[in-house]
Amino acid sequence: MLSPVEIVALTLSVKSNQTKPPQEISVDTLTLKIAAIKSKTGMDEAIKSKILTSYQAAQDNLNESNRFKKSTNGFSQDVLLVPKQINQLQHEIAQIQLTLTKYPFKTARNSTSEELIQRLESEREKISSLDEQLINLENELQLQQARPQQIRIETETTQDKLASIQKQLVVPADINVTKIEADAHQLYLKSLLESGSSELKMLKVEAASNSARTELLKTELQLANLQKKLLSKTITDLNDQLSLQRQVEIKNIQEVLSQSEQELSGKDPLIQTLSRENIQYTLDLQALTSKIEDYSKQTANLTLQADSIDSDNKNAEKKISLAGLSPALGNILREQRRNLIT
């Protein structure tokens, strides 16, 4: 891997291995030429159409060249900035790892049941968002890991294209073609040469910066996995806190009901009967509420597991697609996935 200084030098260097176009051209220059041709009178419409086609194609090539240059600058900046970003992420990773050693966290210790329920819903939404982020990071990492081979192929293709353009530039113009048509075609070829040269330079800098971007993605993926683990632990902690909170509430209600039972002594029999029925309804409601909460807790845990499996499934499908696996192997992997779910 090249050093940051070498990358910057590569970005700023003149295309030493490429022949410069013999005439400077720009998008603005071509815009003026297009306007001049369109306003020109007395020119054969077929010739005018060919010239405009050449100029407009040349404009597209130069715009593409500018995009390549912008990407080159971005790849160069990656080499300078990515190490700092990785250091920041590693600091966050260390903090989360330290926090995980302190489990159980006793999250929201003094919160009410309603507050705990709201916090649980919020944490579950965060996990869902993290699952999407993990899928995107894993897919991007696979793409970056495959880029070196693709860059080599694209570089060879671009070099062949540039060699072909160089040959075409020195081929004498057809004697049956007007000078203005020939000049327009030359500008088109020069724009192709400019675009190809910019693309080749971009590929060189991209190749040199690929390892830095790959390392950043790996670090981001590690951080996201730890964040998900922390959220899962937090949800478990909140569920435990909610269970304890409910037990305290039930105990308080039972004490109140016991006190009410004692106070019934000596009162009218009808009042005693109605009060005892009310106490029994309250106890039944407690038991029902407890069962509902247990069910909700189990449902939440199953939802987390289902979301995790769904995330794994989506990622597996993406890996199969990216790797171009055979249908037979793809079917085997899908069958394994179905067996895991069942």
Side-chain angles (χ1 to χ4, degrees), residues 1-21 24-28 60-99 129-130 132-159 161-162 191-228 230 315 318 322:
M1 175 181 172
L2 297 179
S3 68
V5 174
E6 291 171 324
I7 297 295
V8 174
L10 176 60
T11 305
L12 299 177
S13 66
V14 180
K15 298 181 284 290
S16 57
N17 295 327
Q18 302 296 329
T19 303
K20 285 186 177 181
E24 189 69 25
I25 54 176
S26 68
V27 173
D28 292 339
D60 292 340
N61 292 332
L62 292 183
N63 285 327
E64 186 175 40
S65 176
N66 289 333
R67 287 193 292 272
F68 288 144
K69 290 175 182 178
K70 184 176 180 180
S71 295
T72 300
N73 291 333
F75 292 138
S76 179
Q77 286 297 311
D78 283 346
V79 178
L80 298 175
L81 299 178
V82 163
K84 297 178 182 178
Q85 294 173 341
I86 290 176
N87 286 336
Q88 292 172 352
L89 293 176
Q90 287 175 338
H91 177 72
E92 293 182 46
I93 288 171
Q95 291 296 108
I96 293 177
Q97 289 173 332
L98 178 61
T99 302
S129 177
L130 262 179
E132 291 296 322
Q133 182 182 342
L134 282 166
I135 291 173
N136 292 335
L137 284 172
E138 288 169 348
N139 292 340
E140 181 61 27
L141 178 59
Q142 290 174 30
L143 290 174
Q144 284 300 322
Q145 290 174 329
R147 277 302 291 162
Q149 177 62 24
Q150 294 173 353
I151 289 172
R152 285 191 287 271
I153 294 172
E154 291 172 19
T155 297
E156 292 176 1
T157 301
T158 303
Q159 288 173 335
K161 181 177 69 175
L162 288 174
S191 70
L192 277 178
L193 188 64
E194 169 67 20
S195 176
S197 298
S198 297
E199 182 180 8
L200 195 60
K201 183 177 180 180
M202 178 200 70
L203 291 170
K204 289 180 181 178
V205 181
E206 182 186 359
S209 61
N210 175 264
S211 60
R213 287 192 310 282
T214 300
E215 188 62 31
L216 176 61
L217 286 168
K218 288 180 180 179
T219 308
E220 289 175 336
L221 191 59
Q222 181 185 4
L223 175 60
N225 276 310
L226 280 173
Q227 288 172 332
K228 181 177 179 180
L230 180 60
N315 192 41
K318 186 66 176 180
L322 289 174

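When reading the values below, keep in mind they use all heavy atoms of this one structure, side chains included, and skip hydrogens, waters and symmetry mates. Note that the coordinates shown come from a computational prediction; the quantities given were computed from them, not determined experimentally.
- Applying the side chain to side chain donor-acceptor pair (under 3.5 Å) definition to pairs two or more places apart or across chains, those involving residues 145-156 are Arg147-Gln150, Arg147-Glu154, Arg147-Glu206, Gln149-Arg152.
- Atoms CD1 and CG, on Ile86 and Leu217 in that order, are 9.0 Å from each other to the nearest 0.5 Å.
- Considering OG1 of Thr214 and CG of Leu143, their distance stands at 10.5 Å, rounded to 0.5 Å.
- Applying the side chain to side chain donor-acceptor pair (under 3.5 Å) test to Glu64 and every residue at least two apart in sequence or in another chain returns Ser195.
- With sequence neighbours excluded, the residues forming a side chain to side chain donor-acceptor pair (under 3.5 Å) with Ser65 are Glu194, Ser198, listed by chain and number.
- The line from NZ of Lys228 to CG of Leu223 is 14.0 Å long, rounded to the nearest 0.5 Å.
- Residue pairs meeting the side chain to side chain donor-acceptor pair (under 3.5 Å) criterion with at least one member in residues 79-98, sequence neighbours excluded, do not occur.
- Checked against salt bridge (charged side-chain N to carboxylate O under 4.0 Å, His left out), Lys70 has no partners two or more places apart in sequence or in another chain.
- Annotation: the span from Leu89 atom CG to Leu226 atom CG amounts to 11.5 Å, rounded to 0.5 Å.
- Every residue meeting the side chain to side chain contact (heavy atoms under 4.5 Å, CB included) condition with Ala207, not counting sequence neighbours, appears here in chain and number order: Ile151.
- Here the CG-CE distance, from Asn73 to Met202, works out to 12.0 Å after rounding to the nearest 0.5 Å.
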**Message:** Go through it in stages, so that I can follow the logic: the residues are Glu140 and Gln144, the test is side chain to side chain donor-acceptor pair (under 3.5 Å), and I'd like the CA-CA distance, side-chain angles, deciding distance and then a yes or no.
**Reply:** CA-CA 6 Å; Glu140 181 61 27; Gln144 284 300 322; 3.2 Å; yes

**Prompt:** Between Gln222 and Lys218, does a side-chain contact (heavy atoms from CB on, under 4.5 Å) hold up when you go through it step by step?
**Reply:** CA-CA 6 Å; Gln222 181 185 4; Lys218 288 180 180 179; over 6 Å; no

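- Residues Leu134 and Ala224 share a closest heavy-atom pair of CD2-CB, 3.5 Å.
- Rounded to the nearest 0.5 Å, atoms CZ (Arg213) and OG (Ser209) are 3.5 Å apart.
- The two residues Leu162 and Ser197 have their closest heavy-atom pair at CD2-N, 3.8 Å.
- Here the side chain of Ser71 pairs a donor or acceptor atom with the backbone of Arg67 at under 3.5 angstrom.
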**Request:** Please assess Lys161 against Thr157 for the test side-chain contact (heavy atoms from CB on, under 4.5 Å), listing each intermediate value before the final yes or no.
**Result:** CA-CA 6 Å; Lys161 181 177 69 175; Thr157 301; 5.6 Å; no

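- Screening Asn136, Leu141, Leu137 for a side-chain contact (heavy atoms from CB on, under 4.5 Å) involving Glu220 leaves a single residue, Leu137.
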